[in-house]
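Have a look at the structure below before the remarks.
Please read all numbers here as calculations on a predicted model, not as lab measurements.
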Amino acid sequence: MTTPDSRSPSTDPSGSGPSPPKRTRSLGQRIVIVLACLAIVAGLCIFGSVALFLHHSSTTGNALVRQESKAISRTKSPACVHSPTSPPVTAPGGLAVDALLQVPKLKLDAPVLEGDDDPELNIGVGHVPASSWPGISGTDVLAAHDVTWFSQINRLSIGDTILMVTPCHTFDYTVIDHSVINAGSPIFQSVQGRLVLVTCYPLNALFLTPKRYIVEAILTSFTNEGAVADPVQTTPLLPVVPAPAALAAQGLDLTHNPMPLGTLSFAGTPNLTWTQSQAPLQAETVALELYFAALRSAEQDNAAWWNDLGPGVPLSNAAPLSGVGAPSTITPVHPTLVMSGDSMTGATITSALRIDGRDYSVTMTATTQDTTLVMSGFSLVPTT
């Protein structure tokens, strides 16, 4: 009888043969496993922090909406006749809730706080302090995070309604445009009441991005709450100029394009009451915006901009302006508004320009198509 040699291979109990040698992980494999575990933990931490942020934003913001709704209900009374505002609701951190932003299509009901820093944006919609407060004139800019209150503003269509509700007023805005702009691009004041919603782009980004998504709307009516029946004062809907964001950022108003203005006149069948109000000055601003946009597009020889402003109008009509810098205006600019009642159906602007030492008479005609004012003609005729 023999005994197995101690140096011989061991066998498994089944007698099927030698058992495999025990494997040990290499240092590289262990490092990969550790890194994978750390990545999973980091991902869970990030997911948890995002979930907590969204939960806090939603619960705190909705609580503010309920509080502000009660405050608005209490002040929609004869008190509004004497005091246009009520004390704002105090939010966490001593922040003030000044209004509610309501977007029926999105079922959005959000608190509006004064300021556009993290304390405001973490729980609601922030009113940019440098912008106007809602009213019949000026641009009101509201900002919010793209993953919270403004996560679906890209679903808004032209013609949709946006409401700003304060204790004594309800401002009714109509969406007119969407665009993507660079962060820091200026948003200019307007004579007409205008609302601009701003958020990061793309709308599902969980970090600060270099682009901003904006929705523009204009004031179409407002209601004054008081002891008497609520009167609705309607501001005529003015057309907008289809200037691309990069062109609009150059400034298309008199502040950025100083030149003498002549006589404002009317054609068509204007409403007498309309002509005796401030509305013609607002309409004149729109016509001048298109004129300045046309001049800048021609100066920079940008065919894409020009085509947006006046589809079908040849850029060659403004060829003398190309590459020569800003022309000098040698006679006042005379706008003529073409009206049908209190609706602006078109415009004509005439003036005289000195371009590269030579004088030209300039005529721009425009027509309203749907909700936009576009060029229908442009001519430069040398006079010297």
Mark yes or no for whether [X], through its side chain, and [Y], through its backbone, hold a donor-acceptor pair below 3.5 Å.
X: W149; Y: L101; result: no
X: T372; Y: Q369; result: yes
X: S131; Y: D140; result: no
X: N317; Y: F378; result: yes
X: E120; Y: D117; result: yes
X: N302; Y: W305; result: yes
X: H334; Y: T263; result: yes
X: D160; Y: S157; result: yes
X: N257; Y: D253; result: yes
X: S328; Y: I330; result: no

Among the clusters formed by ILVMFWY side chains lying less than 4.5 Å apart, do [X] and [Y] turn up in the same one?
X: L108; Y: L203; result: yes
X: V196; Y: V128; result: yes
X: V313; Y: L353; result: yes
X: V374; Y: V241; result: no
X: F150; Y: V180; result: yes

If I take atom [atom1] from residue [X] and atom [atom2] from residue [Y], how far apart are they, to the nearest 0.5 angstrom?
X: L219; Y: T139; atom1: CG; atom2: OG1; result: 11.0 Å
X: I162; Y: M164; atom1: CD1; atom2: CE; result: 10.5 Å
X: L252; Y: Q250; atom1: CG; atom2: CD; result: 7.5 Å
X: M375; Y: I349; atom1: CE; atom2: CD1; result: 11.0 Å
X: L254; Y: E284; atom1: CG; atom2: CD; result: 7.5 Å
X: T220; Y: L238; atom1: OG1; atom2: CG; result: 11.5 Å

Problem - salt bridge (Lys or Arg N to Asp or Glu O under 4.0 Å) contacts in which one or both residues fall within residues 344-358, not counting sequence neighbours - result: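 As it turns out, the salt bridge (Lys or Arg N to Asp or Glu O under 4.0 Å) pairs with a partner in residues 344-358, which skip direct neighbours, are R354-D359.
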
If every non-hydrogen atom of [X] is compared with every non-hydrogen atom of [Y], which pair is closest and at what distance?
X: H127; Y: S132; value: NE2-O, 2.9 Å
X: R296; Y: G251; value: NE-O, 3.4 Å
X: I158; Y: D177; value: CG1-N, 4.3 Å

Problem - Aromatic ring pairing Y213/Y201, orientation class (parallel under 30°, perpendicular over 60°, tilted between) - result: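 Y213 and Y201: parallel rings.
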
Exercise for the section: Measure the acute angle between the ring planes of F171 and F222, then classify it against the limits of 30° and 60° as parallel, tilted or perpendicular. Expected result: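 Taking F222 first and then F171, their aromatic rings lie parallel (interplane angle under 30°).
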
Practice task
Using distance alone, with no hydrogens and no angle criterion, decide if T365 and S376 have a side-chain donor and acceptor under 3.5 Å apart.
Solution key: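 There is such a pair (donor and acceptor under 3.5 Å, judged by atom type) between the side chains of T365 and S376.
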
Handout entry: Pair S351, T329: side-chain N/O donor-acceptor within cut-off below 3.5 Å
Key =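 The answer is no; no qualifying pair exists.
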
